[in-house]
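Encoded as structure tokens, the structure appears first; notes follow it.
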Amino acid sequence: MSVTRSAITGVGGYLPDEVVTNTDLSKLVDTSDAWIIERTGIRERRRAAKDQATSDLAVEAARRALVASGRTAEEIDLIIVATTTPDLTFPATASIVQKKLGCPVAPAFDVQAVCSGFVYALSVADGFVARGLAKCALVIGAECMTRLLDFTDRGTCVLFGDGAGAVIMEPVAGRGDTHDTGLLGFALRCDGTKGDILYVDGGPSTTGTVGHLRMMGQQVFKNAVVNITEAVEACAASAGFKVSDVDWFVPHQANQRILAGVAARLGISEDKVVSTVAHHANTSAASIPLALAEAISDGRISKGQLVLVEAMGGGLTWGACAFRL
Ligand code: ACO
């Protein structure tokens, strides 16, 4: 059977210049480098400059993804930005990215699923590309998470950082089996009844403020390991392969202990799991494309390999998405 798949043809990542170490944060709150490394695996994170907005980070990542794919901004006919830290309440950050890159008039919108945003956005883009509605889609995860942090709360302010990652997706012909290049399957979930364990306490229609990130860390941890495991298994089943067939797992980079917990439950060797959390902390929707970009550029992930990305975040939302590069 001949089918059209949406293939990832270029990936790019961008981290802002300013490095904030654990020791830097220990001057603001009662914490230590040793505590943060032991509980999270995080060593440092990046902070966007005062004059950098989420769209600026997104544009840098997008330019790198365009170069990697050999495409130009003029060819982009769909932009989806996954972000929970938009430049403005509106217009969407995707509209601002379109203007800054000089892309032609075409659909551009944001997806808001917090840390799961990139997994959601890939799945939405697949709906356009595999149906022939877009020929060169730009899918970005971009965040200025440090703007949401309460720097008096040691339970949250050590966990997050700023960054962006982007992919270009293009149609490719396949046979309809798991050997095809391109997106092969996904599983998306949301359980709104657990929204109160990870949220921001402000918004335009409630407080009229941006608010700060609030979290019940242990509850988030337990839900993450159970939910992500379920989504990975559902994603593999929907695409028709076994979890053990996957060459590389590229998880949302929240916490090294969550990565290890999921790998243990799934019986995956940790050397198949890409981990970059140590040097950029949790960049929410940006973390998967950032990790993907790094693992492709250093030669770990190569063309033809089966890759599975997964995430859980505020909502609670969670999901997984599998593709052959
Ligand atoms: N430095 C030092 N001590 C701290 C810090 C810190 N930065 N943060 C919390 N503590 C203290 C607490 O106050 C508590 O002290 P107490 O015993 O005197 O009350 C003690 O450490 C233990 O607190 P716990 O919350 O039980 O610590 P835990 O081992 O659960 O680690 C952590 C906390 C790292 C937040 C963990 O729960 C976690 O990783 N949760 C997942 C959070 C996450 O990744 N969120 C990201 C968004 S969701 C996602 O992306 C999947």
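Just so it is clear, the structure is predicted and the values come from calculations on it, not from any experiment. First listed ligand is number 1; within each ligand, the first listed atom is number 1.
The protein non-hydrogen atom at the shortest distance from atom 34 (C) of ligand 1 is Thr40 CG2, 3.8 Å. Considering only non-hydrogen protein atoms, atom 1 (N) of ligand 1 sits nearest to Thr31 OG1, 2.7 Å. The single protein non-hydrogen atom nearest to atom 33 (C) of ligand 1 is Trp35 CH2, 3.9 Å, given as residue, atom name and distance. Counting protein heavy atoms only, atom 27 (O) of ligand 1 is closest to Arg39 NH1, 3.4 Å. Counting protein heavy atoms only, atom 45 (N) of ligand 1 is closest to Met215 SD, 3.2 Å. Annotation: atom 41 (C) of ligand 1 to nearest protein heavy atom, Gly217 O, 3.6 Å. Atom 50 (O) of ligand 1 has His252 NE2, 2.8 Å as its closest protein atom, hydrogens excluded (heavy atom only).
Within 4.0 Å of atom 24 (P) of ligand 1, at least one protein heavy atom is present. Proximity of atom 10 (N) of ligand 1 to the protein is indicated by at least one non-hydrogen atom lying closer than 4.0 angstrom. Distances from atom 47 (C) of ligand 1 to the protein include at least one heavy-atom value under 4.0 Å. Within the 4.0 angstrom cut-off, atom 16 (P) of ligand 1 has no protein heavy-atom neighbours. In this structure, atom 20 (C) of ligand 1 has its sub-4.0 angstrom surroundings free of protein heavy atoms. Distance remark: protein heavy atom present below 4.0 angstrom from atom 3 (N) of ligand 1.
Here Glu230 pairs with Arg189 in a salt bridge; the nearest charged N to carboxylate O distance falls below 4.0 Å. Arg47 has no carboxylate O lying under 4.0 Å from a charged side-chain N of Asp162, or vice versa, which leaves the two without a salt bridge.
Heavy atoms of Ile228 come nearer than 4.0 angstrom to ligand 1 in no pair at all.
The nearest non-hydrogen atom to atom 44 (O) of ligand 1, considering only Ile258, Val277, Ile197, comes from Ile258.
If you chain together hydrophobic residues whose side chains sit under 4.5 Å apart, Phe109 and Ile140 never meet in one group.
Backbone and side-chain nitrogen or oxygen atoms of Arg154 are examined, and one is located within less than 3.5 angstrom of a nitrogen or oxygen of ligand 1. Any N or O atom pair closer than 3.5 Å counts here, and Asn255 shares at least one such pair with ligand 1. By the 3.5 Å distance cut-off applied to N or O atoms, Val158 is not counted among the residues near ligand 1.
Screening Asn22, Ile42, Leu25 against Val158 for a side chain to side chain contact (heavy atoms under 4.5 Å, CB included) leaves a single residue, Leu25. Considering Thr85, Leu57, Val114 as possible partners of Glu143, the one that fulfils the side chain to side chain contact (heavy atoms under 4.5 Å, CB included) test is Thr85. When Leu101, Leu78, Asp77 are each tested for a side chain to side chain contact (heavy atoms under 4.5 Å, CB included) with Leu138, only one passes: Leu101.
Summarising the geometry, atom OG belonging to Ser238 is positioned 12.5 Å from atom CD belonging to Glu233; distances are rounded to the nearest 0.5 Å. Ile80 contributes atom CD1, which lies 8.5 Å from atom CE of Met169 (distance to the nearest 0.5 angstrom). Note that CZ of Arg5 is 8.5 Å distant from CG of Asp126, once rounded to the nearest 0.5 Å. We find the CZ-CZ distance between Phe221 and Arg257 to be 4.5 Å, quoted to the nearest 0.5 Å. Taken from OG1 in Thr54 to CG in Asp56, the straight-line distance is 8.5 Å, to the nearest 0.5 Å. The structure places CD1 of Ile79 at 10.0 Å from SG of Cys136, a figure rounded to the nearest 0.5 Å.
Those atoms of ligand 1 that come under 4.0 Å of a heavy atom in Gln218, given as number and element, are 24 (P), 26 (O), 30 (O), 37 (O). Heavy-atom contacts of Asn282 reach the following atoms of ligand 1: 46 (C), 47 (C), 50 (O) (cutoff under 4.0 Å). Residue Leu198 has at least one heavy-atom neighbour below 4.0 Å for each of these atoms of ligand 1: 47 (C), 48 (S). Against a heavy-atom cut-off of under 4.0 Å, Phe160 is close to the following atoms of ligand 1: 46 (C), 47 (C). Annotation for ligand 1: atoms under 4.0 Å from non-hydrogen atoms of Met312 are 49 (C), 50 (O), 51 (C). The Ala254 neighbourhood of ligand 1 comprises atoms 44 (O), 49 (C), 50 (O), 51 (C), with distances under 4.0 Å to a heavy atom of that residue. Close contacts between ligand 1 and Gly155 involve ligand atoms 8 (N) [criterion: under 4.0 Å to a heavy atom].
At a 4.0 Å heavy-atom cut-off, ligand 1 touches Asp30 through the backbone alone.
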**OP:** List the steps and the verdict of side-chain hydrogen bond (donor to acceptor under 3.5 Å, both in side chains) for Gln112 and Thr83.
**Re:** CA-CA 6 Å; Gln112 160 54 306; Thr83 187; over 6 Å; no

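Across every non-hydrogen atom of Ile197 and Val220, the tightest pair is O-CG2, 3.5 Å. When all heavy atoms of Pro171 and Lys135 are compared, the closest pair comes out as CD-O, 3.3 Å.
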